[in-house]
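Here's the structure, in structure tokens; my notes come after.
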Amino acid sequence: MNSVIMDNIARSYGDVRALDGISVQINGGELFGFIGPDGAGKTTLFRILTSLLLPDSGSATVDGLDVVDDYRKLRRAIGYMPGRFSLYQDLTVEENLQFFASVFGTTVDANYELIRSVFQYLEPFRHRRAGQLSGGMKQKLALSCALIHRPSVLFLDEPTTGVDAVSRKEFWEMLEELKAEGITIVVSTPYMDEASLCDRVALIQDGRLLTVDTPTRIEKSFPKPILSVRSARKYELIKALRAYPFSSSVYAFGESAHYTDSRSSVDAVELQSYLRDQGFTDVTVAQVDPGIEDVFMALMT
Amino acid sequence: MGSFRGFIVKEFHHIFRDYRTLVILFGMPVIQLILFGYAIRNEVSDIQVGFLDPVRDELTMDLKTRIDASSYFISKGDYDTLDDIERAFQDGTIREAVVFEPDFSHKLRHDGSASLSVIADGTNPNIANTMNAYTLVIVRDFQRDLLADDTPAPAERGIVIDSRMRFNPELKSIFLFVPGLIALILMLVSALMTSITITREKELGTMEILLVSPLKPIQIIVGKVLPYFLLSFINVSTILVLARLVFHIPIRGSVLLLLAECLLFILCALSLGILISAKSKTQQTATMISLSGLLLPTIILSGFIFPIDSMPKILQVISHIVPAKWFLIIIRGIMLKGVGFEYFWKETLILAFMTAVLMTASIRSFKIRLD
Amino acid sequence: MAAKDSSTERVVIDVRDLTRRFGDFTAVDSISFSVKRGEILGFLGANGAGKTTAIRMLTGLLEPSSGDATVAGFDVYRQREAIKKNIGYMSQKFSLYEDLTVFENIRFYGGVYGLTRATIKSKSDELLERLGLQHARDHRISGLPLGWRQKLAFSVALLHEPEIVFLDEPTGGVDPVTRRQFWDLIYETAANGVTVFATTHYMDEAEYCDRVSIMVDGRIEAYGTPNALKNQFEVSSMDDVFIRLARSTSQSS
């Protein structure tokens, strides 16, 4: 069953086209990710789906409720965690949670089971003001607050931005648990490496979808073999690779460079000998599986 | 109703945790009142007094001598006409005048009662009050001695004193200051604080969550407004009690009516606050609009400090849209003149109308979505 | 090789037992490391690990409690003004004035570092040409795409030819292509002999650095090339290096 259906949504701010014809169907119980850089339109899309903004054109439903016409019912059904962890800094952890519970006409006790796994981390800080929590703790509190009324669909706008690697990992583990509870989770992130943690993802750039599929299939869709080339002299290496007559794309990729060839097949040995001739004595060349980031860049250009 | 109660609880948490603001809100009016009250409380001595005495007999001479002999007053002698007295006031020769009625002694002796006008320079109302009080004491002494000499007199015997203020018949400064201060405080707490508290949620991003929650706009608005409504009311009561107990400022009219009018003005200010918050995205903008759009007009164009009558025509016209102007007329009427509702129903109506318009506008402009 | 001279082994940042205390709290606890000319150092750590305090000391904004450090050959106790003149700084959050034009920004920063009018003029022409931004010379920053802004901000930070440039989360949140273009620029700068000191808490950014330092609770708990660190902790990404480190130290606190 489809839980969230977007049909050709567009939205502009003045001359800037933030969203340009977004159509996606998200299944019930799915962990779905919108992956794209800052300014891609993720936040605008989430605001439209949570009834906070009106689309210029197109339509969307969440659990069968129209985001424009049924906004009142919709707001009861969903949980939303905005990009910045929107908490009351001057209220304690407990007070924040109680407040959001009361707003939805429920109590913390009634739904404690649902948030237990998230809230256990916060238990020692119950009486600390939210403003004094670390980024990771704020993130967990914001998630608890968004969950406290047991929403059927959870919208998390960049929940892992600005938190450390440990908190990020813990956060994704929590999302897995929530998924097991049957909650549909729609999440956005600028981190390409988080794509693999979603059931399906949409790559989004400049208000347009680049592709929508499972992470594995997206990675498989990359049309060419990728060679990972390494040398201590990275800058010169990249220059040399770009100067290679058959090079199609050359991108720095962490410690190595990712190279694709303009020909249909690629010869690693040939490339290696070219680089040796250029004076790179320490060079290694190895074929690697394409990642989401490789696909993203290929689709962008 | 649980969600609404939760909202109110949260608002009070915000208010009481921001204790600096709280101290300012409650401390400032008290400090202002006390500073203002005491700063103009000078000790009174050697007040130049002039007399208009058409009688000039033994009796009036006696009273005049008594006044001159007290350490508070110095006689500047007799004047012939009220115009002379007026001139003496204007060039500062005298600060108080005692005016006897033409057949003062005769009436006092034969009818047992006569009247005396005491005119004090009201520029400084505290001093004027003190001068009045001292004069009164001397006259009472005089009268008591007079009666003791004489045979028992009819009950209605006595000197009727008619106290008047020159320059400032309604008493400026502290008496006028208190109603103005009330208007200012109510504007500050109600409008400024409300506008800031709503924009703060916008800035923090919590407004997004509130909007996405089942809370209705009206609940959010009322939830924001109610705590400040209460705080404002407490604030007004504090100022009134303080003004009454420490500075003996009269509340000549009905206290209930006064409180009711205050509530109306608070509502008006709160509506303005919501309107401002609906129009501004940041606390900074809200503060700027409140300060320049509300506080300045409340101070300058309400008649709080500068009399509206002596303003340029254009400012007089503008002053009509300043709610504090109407509120000041009302509460000065109640507190200082002791007049009833029939004297300011028009002003009340104007204020009520303004409140209704602002309230409608602010509820309408409160968006159920972001923009 | 476009390097200005061949002294690539010269140490430009040398830190020995550098410590900073705030009352009872030791924000930076006796850290030691050195960075060579033209090297790209990734300076990592969670919020509150002491990163900011360490950088403030190295940029001459904060006096250390004890220990020694020289930056571009200048002492962090006695030559703080000289340090400031010989470093550049760029933050992703704030670098250029949005309401000023491209040229106005360049002129402003040039002026701050005491460049003459003529130098600013020639440098800005050269800079705009290199970035291919000549047409945008008189455009306001606010109208420029994020990628351009970043490259411009970086170039402006290098305007006064500093020996070291400090970058704060230089590429967080930008699209992957723009990000690569930016790293190309960083690599080029480093190849020209400028030392790059990048702070970030994006671990994947760290993978691009020559060497990485990870601070935990005021100490440098890991230091080496990304590859060496991954081998040392037997993991496949810097993310996991960080997680391993955080888990192993959280037991003690």
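Note: hydrogens, waters and symmetry copies are ignored here, and every other heavy atom, side chains too, is used. Protein chains get the first letters and strands the later ones, always in sequence-line order, with residue 1 at the start of each.
For a residue to count as touching a neighbouring chain, one of its non-hydrogen atoms must lie under 4.5 Å from one of that chain's; by this rule A:V16 does not touch chain C. Proximity to chain C involves both the backbone and the side chain of A:E255, based on heavy atoms less than 4.5 angstrom apart. Heavy atoms of A:T161 lying under 4.5 Å from chain C belong exclusively to its side chain. Both the backbone and the side chain of A:F253 come within less than 4.5 Å of a heavy atom of chain C. The parts of A:M297 that come within reach of chain C are both its backbone and its side chain, each placing non-hydrogen atoms under 4.5 angstrom from that chain.
Comment: C:R244 does not engage C:E234 in a salt bridge, judged by the lack of any side-chain N to carboxylate O separation of less than 4.0 angstrom. Checked for salt-bridge contact, A:R242 and C:D184 meet the test: a charged N lies under 4.0 Å from a carboxylate O. Using a cut-off of 4.0 Å between Lys/Arg side-chain N and Asp/Glu carboxylate O, A:R168 and A:E194 are scored as salt-bridged. A salt bridge between A:K234 and C:E188 is absent, with no side-chain N of the basic residue lying under 4.0 Å from a carboxylate O of the acidic one.
By number of non-hydrogen pairs under 4.5 angstrom with chain C, the leading residue of A:T189, A:I238, A:V166 is A:V166. Note: C:D239 leads C:I186, C:D210, C:T178, C:D239 in heavy-atom pairs under 4.5 Å with chain A.
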Taking distance alone, no hydrogens or angles, what donor-acceptor pairs closer than 3.5 Å link side-chain atoms of residues 244-251 of chain A to residues at least two apart or in another chain?
{"unit_1": "A:Y244", "atom_1": "OH", "unit_2": "A:E270", "atom_2": "OE1", "d": "2.7"}
{"unit_1": "A:S248", "atom_1": "OG", "unit_2": "A:K224", "atom_2": "NZ", "d": "3.4"}
{"unit_1": "A:S249", "atom_1": "OG", "unit_2": "A:T260", "atom_2": "OG1", "d": "2.7"}

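Checked against the 6.0 Å centroid threshold, C:F197 and C:F166 count as a close aromatic pair.
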